[in-house]
There are 2 protein chains.
Amino acid sequence: MESSDNASNYSASKYRTPDGAPSDIVIFSITSTEKNTMKKALPIRELQILLIQRKGWPYAGQWALPGGFCNESESMYDCALRELQEETGVTDVHMEYFNVYSKPGRDPRGWIISHAFFALVHEKWLANRRADDDAADVRLFPVEEALQMDLAFDHREIVTDALGKIREKMLTTTIAKEFLPEEFTISELYQVIQTVVPDFEERNFIRKITSTQSRKGIIEEVLDRSGQPKQSNRYSQRAAQLYRFTDLTPQLSIYS
Amino acid sequence: MESSDNASNYSASKYRTPDGAPSDIVIFSITSTEKNTMKKALPIRELQILLIQRKGWPYAGQWALPGGFCNESESMYDCALRELQEETGVTDVHMEYFNVYSKPGRDPRGWIISHAFFALVHEKWLANRRADDDAADVRLFPVEEALQMDLAFDHREIVTDALGKIREKMLTTTIAKEFLPEEFTISELYQVIQTVVPDFEERNFIRKITSTQSRKGIIEEVLDRSGQPKQSNRYSQRAAQLYRFTDLTPQLSIYS
DNA sequence: TCGTAATGATATTGTCATATTAACATTATT
DNA sequence: AATAATGTTAATATGACAATATCATTACGA
């Protein structure tokens, strides 16, 4: 392939080339359901992913990740964005590439190398869609339930990897903000973290991120116009301080 | 593409498909040169990457990352391993996938989607090769120098990304071990970290990883047969304690 | 029915013994 | 001289619990 001298006598077609380079997207959302509309209380939250029921061959009838083939005129990221927009209607969300899936035989249609992304979509963006068409062929599944299902292709492996990735990112970056309103209480934040990372437990969580705030500074108190701390009693009798994320990205190190 | 019913009347060839799916590998190594053979002293270390001078079209004569096209019968990772083996002769090294490069027009040969890996190779493995053939068309460059060069394709972007990735990993995982002997002194470790992450500076580095060892436990003292602490005076008159990495992988979190 | 006191649920602060950190100075070894 | 390792000290952080604060809701007695 290195032997030609110019474009005209270069021929890639001498070689076997891939039959397609799709992107697949693991769309995460956290659903909230109120425990009891009578009382003030934190909602029950659950981590869910969006799946689509396949129509045609292969894996007809089975559930699969949304995704589709890339065009020559777009990058993989653009392709994934387009697919995300087509499936959910949302455009401005956090989406990250995380792995390639290329094991021979992974797709019966041929030599197809898939590029996996995960996206974090706030439930409020998906709400519209679910009202629009409650088509039974696109819906959210609790992630643990999805992992028990017989998904198409190697999509279970992809979901497993995505879940690992999002858990890692939840603890090491500020992606929690994607699942929270602009202003939130500490227990909302705590709850979101636990929804994604069930093992997470910190006794003195409030202490940790407020007292050490001077060092970390990843969140800050919200003040109202008059400079007074702004609070909310949406979830409790006693009002809780509201916080927001700063745009600081913490630098973690095992050697510090 | 979903409309067919079976394999026989499914045709991927109706669509434009990629002209190739190569892997490119950023091979990092740290070279050590003794300051002064008369005196005992820590060597000068430098982070380097391996580049190859291209022969044919396109970008003939320019330096590029090692890599090559994937076959249908192998995964991307296998492809990268094979290329790494072909270029350096080494087989058992730390290699990680980190990104895909798919911007339209990135390769004049056509629609070519490249998969980028980085590998960490101890200089002792590359030593043989450099003796073998001192061919001027494969050699190590200091990474900062490589970033100044006019590399082929989008390889400068790939190297930049790889450097960012390896710096992050150096601080958050134990990949430093790839650049160190099995048993090493604290200042060797410190020096390796600084070679990769020039900004890294910890006043009480020894304190950090020994006194807090109970909590982190990522390294441990090496003991000799009789249970006595094993030391080395390779770099100094006064013997230094030797350490080794445990197989513990630390869990970092911005919320703890 | 109305006013007031209890209750429940969550948020937040207090306490205190112990551990860790940062910065700098000093000593060890050969 | 060069590298390795320890000492000192004040400031800060941590962990585990106990104690308060807040206030919508509920209970209750007059």
Side-chain angles (χ1 to χ4, degrees), chain A residues 32 34-45 183-192 194 200-222 228-243 250-256, chain B residues 32 34-45 183-192 194 200-222 228-243 250-256:
Chain A
S32 313
E34 306 297 329
K35 276 197 205 91
N36 186 337
T37 48
M38 293 291 90
K39 294 178 176 180
K40 291 191 176 182
L42 285 160
I44 294 170
R45 297 183 200 253
E183 303 176 353
F184 53 85
T185 66
I186 297 297
S187 31
E188 279 183 291
L189 171 58
Y190 189 59
Q191 212 195 12
V192 163
Q194 284 199 318
F200 184 79
E201 189 191 323
E202 287 293 335
R203 302 263 195 265
N204 292 10
F205 186 64
I206 301 186
R207 278 332 214 322
K208 287 271 175 59
I209 42 174
T210 52
S211 84
T212 47
Q213 200 165 347
S214 51
R215 279 203 313 166
K216 310 202 185 167
I218 55 177
I219 62 171
E220 62 187 5
E221 292 189 354
V222 180
Q228 292 307 304
K230 192 173 165 191
Q231 307 194 317
S232 153
N233 61 346
R234 189 157 33 131
Y235 300 124
S236 68
Q237 281 26 49
R238 171 162 181 177
Q241 177 61 45
L242 288 172
Y243 291 83
Q251 272 285 80
L252 291 172
S253 165
I254 61 175
Y255 300 116
S256 313
Chain B
S32 312
E34 306 297 330
K35 277 197 205 91
N36 185 333
T37 47
M38 293 290 89
K39 295 177 175 179
K40 289 189 176 183
L42 285 160
I44 295 169
R45 296 182 201 253
E183 303 176 352
F184 52 86
T185 66
I186 297 298
S187 31
E188 278 184 292
L189 170 59
Y190 188 59
Q191 212 193 10
V192 163
Q194 285 199 317
F200 183 80
E201 190 190 322
E202 288 293 335
R203 303 261 194 269
N204 291 11
F205 186 64
I206 302 187
R207 281 333 217 316
K208 286 272 175 55
I209 42 174
T210 51
S211 83
T212 49
Q213 199 164 349
S214 49
R215 278 203 315 167
K216 309 203 185 165
I218 56 176
I219 62 171
E220 63 187 6
E221 293 189 354
V222 180
Q228 291 308 304
K230 191 171 164 192
Q231 307 194 314
S232 152
N233 62 346
R234 189 157 32 131
Y235 300 123
S236 68
Q237 272 34 43
R238 173 165 178 176
Q241 178 61 45
L242 288 173
Y243 291 83
Q251 272 287 78
L252 291 172
S253 165
I254 60 176
Y255 300 114
S256 316

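Proteins get letters first, then strands, A, B, ... in listed order; numbering begins at 1 in each. As the structure is a computational prediction, the values presented were derived from the model and not from experiment. Side chains are part of it too, since the values below use all heavy atoms of this structure and drop only hydrogens, waters and symmetry mates.
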Using whole Å, report how far CD1 of A/Ile186 lies from P of C/dT13.
11 Å
Atom CZ of B/Phe205 to atom C1' of D/dT3: distance rounded to whole Å?
16 Å
Does the side chain of A/Ser236 get closer than 4.0 angstrom to OP1 or OP2 of D/dT22 through an N or O atom?
no
Any side-chain N or O of A/Arg203 below 4.0 angstrom from OP1/OP2 of D/dA16?
yes
Can you measure A/Gln231 atom CD to D/dT22 atom P for me and round it to whole angstrom units?
10 Å
I want to confirm an ordering. Mapping A/Glu202 and A/Ala239 to their closest nucleotides on DNA chain D, which one lands closer to the 5' end?
A/Glu202
Side-chain donor or acceptor of B/Asn204 under 3.5 Å from a matching atom on the base of C/dA23?
yes
List the atom of A/Thr185, the atom of A/Ala240, and the distance in Å for their closest heavy-atom pair.
CG2-CB, 3.9 Å
Return yes if the base of C/dG8 and the side-chain atoms of A/Arg238 contain a donor-acceptor N/O pair under 3.5 Å, otherwise no.
no
So, do B/Ile186 and B/Gln241 sit near enough that their side-chain heavy atoms are less than 4.5 Å apart?
no
Could you state the atom-to-atom distance from CG of A/Asn233 to C1' of C/dG8 in whole Å?
15 Å
Could you check whether any side-chain heavy atom of A/Tyr235 comes within less than 4.5 Å of a side-chain heavy atom of A/Glu188, counting everything from C-beta outward?
yes
Rounded distance (nearest 0.5 Å) linking atom CZ of A/Phe205 with atom CD of A/Gln194
9.0 Å
Assuming nearest nucleotide by heavy-atom distance, tell me which of A/Gln241 and A/Gln237 is located more 5' along DNA chain C.
A/Gln237
